[in-house]
Amino acid sequence: MSTEKTDQLKFRTRAIHVGNEVDAETGAVVPPIHMASTFQQPGAGEWGEYDYSRSGNPTRAGLQRTLASLDSGCGALAYSSGMAAIHGVMMLLEQGQHVVAGCDLYGGAYRLLHKICSRSGIEVTLVDLTDLDAVRAAIRPETKLLWGETIGNPLLSIPDLKGLVAIAKEQDILFGVDNTFGTPALIRPLEMGVDIVMHSATKYLGGHSDCLAGSIAVSDPDLFDRLYYIQNATGAVLDPMSCFLLSRGLKTLDLRVREQTKTAGQLAAWLETVPGVRRVLYPGLESHPQHALATSQFDGHGAIVCFEIDGDFKQTAKTCKATELFRLAVSLGAVESLIEQPASMSHASYDPADRERFGITDRLIRLSVGLEAVEDLQADLLQAIKQGLAS
Ligand SMILES: *Cc1c(COP(=O)(O)O)cnc(C)c1O
């Protein structure tokens with residue numbers, strides 16, 4: 001099918017067909033996995049479509065076509081992890097340049113910026129991205145990149161993407177977002193004028209907790225070339241087996257995310273009525289500070305729910321340990337539900353002072369809602385909260 005024709009197809013259809021063309025040689029409806037690390041060349045100093053798998057691999061190329069299509073980009077790159085993808089973006093910067101990033105950032109991104117990029121003389125300022133004036137005030141002449149998450153982590157804050165795009169354009173800086181929590185099923189930031197969209201594909205895109213991967217998509221071919229150059233030079237590409245697993249996961253992305261979002265909405269509303277729960281954070285609840293923005297900006301409110309219990313650090317840890325269906329684990333976005341305590345797990349790499357300042361309390365619990373029946377998840381949470389608070 002021609003590119004013009006596939007562009008007309010709906011998201012769900014493209015997730016299955018773009019990049020998954022029937023194998024011309026065998027008719028296989030699932031493209032073969034190309035494990036080759038090197039490819040025979042037409043002649044010395046002559047180059048075919050592929051030469052060496054770090055620079056290009058047919059399995060990765062198919063996946064990248066799917067990713068670009070789902071993110072509405074001109075191209076996409078598949079990385080060995082989400083962190084490798086973020087690092088690829090940060091390597092666009094040079095010594096002395098500055099990044100403005102959201103204050104409830106993924107713990108690993110916080111560490112990358114503060115402990116690794118800082119070594120190369122790249123400075124970072126964290127700001128509340130829901131406050132556009134604060135963002136504008138944080139931008140300096142050396143600022144080159146604005147970096148945020150479409151749904152903040154773990155407080156599920158929602159930045160106004162159109163407002164941030166306007167600031168980035170007016171200041172002539174790049175604007176990149178980590179859309180891991182949002183997923184391209186619910187929001188496609190490139191369509192709103194964002195320059196770079198990144199995913200930890202380990203989460204919803206893969207969807208089955210069995211593959212570590214990252215992706216970047218952009219709509220500017222020159223920016224794509226710069227990111228490709230960095231990736232090829234530094235080597236954090238996705239291996240063929242993981243490319244296959246990710247391609248397979250993407251085929252059901254839309255269905256999974258919609259169903260998980262539905263269950264998450266039901267759980268969030270129910271949690272607000274549970275004794276011992278003091279605050280529920282979910283963009284789909286009217287009590288969420290950016291509820292109206294979230295509703296207009298996204299096609300659904302996502303499948304991460306956070307809540308605080310009436311307990312201390314220990315009781316919160318105990319609640320997380322007491323669940324039987326929710327697995328006590330970091331990560332998110334897969335078919336099985338997960339539970340974690342951000343203060344001791346996903347956000348342990350924050351300085352305690354920054355955790356305190358940004359409201360990541362000891363009693364906060366984060367749920368990644370999977371595909372189990374909502375009744376079973378409710379019963380599991382109820383018994384765990386009772387056990388945790390009884391101690
Ligand atoms: C997991 C995660 C990452 C890092 O991705 P890895 O695949 O673990 O390297 C980055 N951002 C967010 C929001 C994440 O949840």
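Just so it is clear, the model here is predicted, and its values are computed rather than measured. Whatever order the structure lists them in is the order used to number ligands and atoms, beginning at 1.
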| request: Classify the angle between the aromatic ring planes of Y350 and Y110 as parallel (below 30°), tilted (30 to 60°) or perpendicular (above 60°). | output: parallel
Per-atom contacts of ligand 1 with [X], taking only distances under 4.0 Å to non-hydrogen atoms:
{"X": "S81", "answer": "7 (O), 9 (O)"}
{"X": "M83", "answer": "4 (C), 5 (O), 6 (P), 9 (O)"}
{"X": "D178", "answer": "10 (C), 11 (N), 12 (C), 13 (C)"}
{"X": "L332", "answer": "15 (O)"}

For [atom], what is the nearest protein heavy atom, given as residue, atom name and distance?
{"atom": "atom 5 (O) of ligand 1", "result": "S200 OG, 2.9 Å"}
{"atom": "atom 6 (P) of ligand 1", "result": "G82 N, 3.3 Å"}
{"atom": "atom 7 (O) of ligand 1", "result": "T202 OG1, 2.6 Å"}

| Y204, Y106, F181: member with heavy atom nearest to atom 4 (C) of ligand 1 | Y106
| query | To which of M198, E149, K203, H199 does the heavy atom nearest atom 14 (C) of ligand 1 belong? | reply | K203
| message | With the threshold set at under 4.0 angstrom, would you say A213 reaches ligand 1 through any of its heavy atoms? | response | yes
| Do side-chain atoms of Y50 reach the backbone of S55 as a donor and acceptor pair under 3.5 angstrom? | no
| note | Of L245, L246, L205, N20, the one forming a side chain to side chain contact (heavy atoms under 4.5 Å, CB included) with L63 is L246
| task | Answer yes if the ring centres of H301 and H291 are under 6.0 angstrom apart, and no otherwise. | result | yes
| query | So, R140 and E123, do they make that salt bridge, N to O below 4.0 Å? | reply | yes
| field | Charged N-O contact under 4.0 Å between R226 and D222 | value | no
| said: For ligand 1 and L212, I'd like to know whether there is a polar contact (N/O to N/O, distance under 3.5 Å). | reply: no
| said: Are the side chains of F224 and I216 in contact, using a 4.5 Å heavy-atom criterion? | reply: no
| The single option from T180, D71, T183 passing side-chain hydrogen bond (donor to acceptor under 3.5 Å, both in side chains) against H199 | D71
| query | Counting heavy atoms only, which part of A84 comes closer than 4.0 Å to ligand 1: side chain, backbone, both or neither? | reply | neither
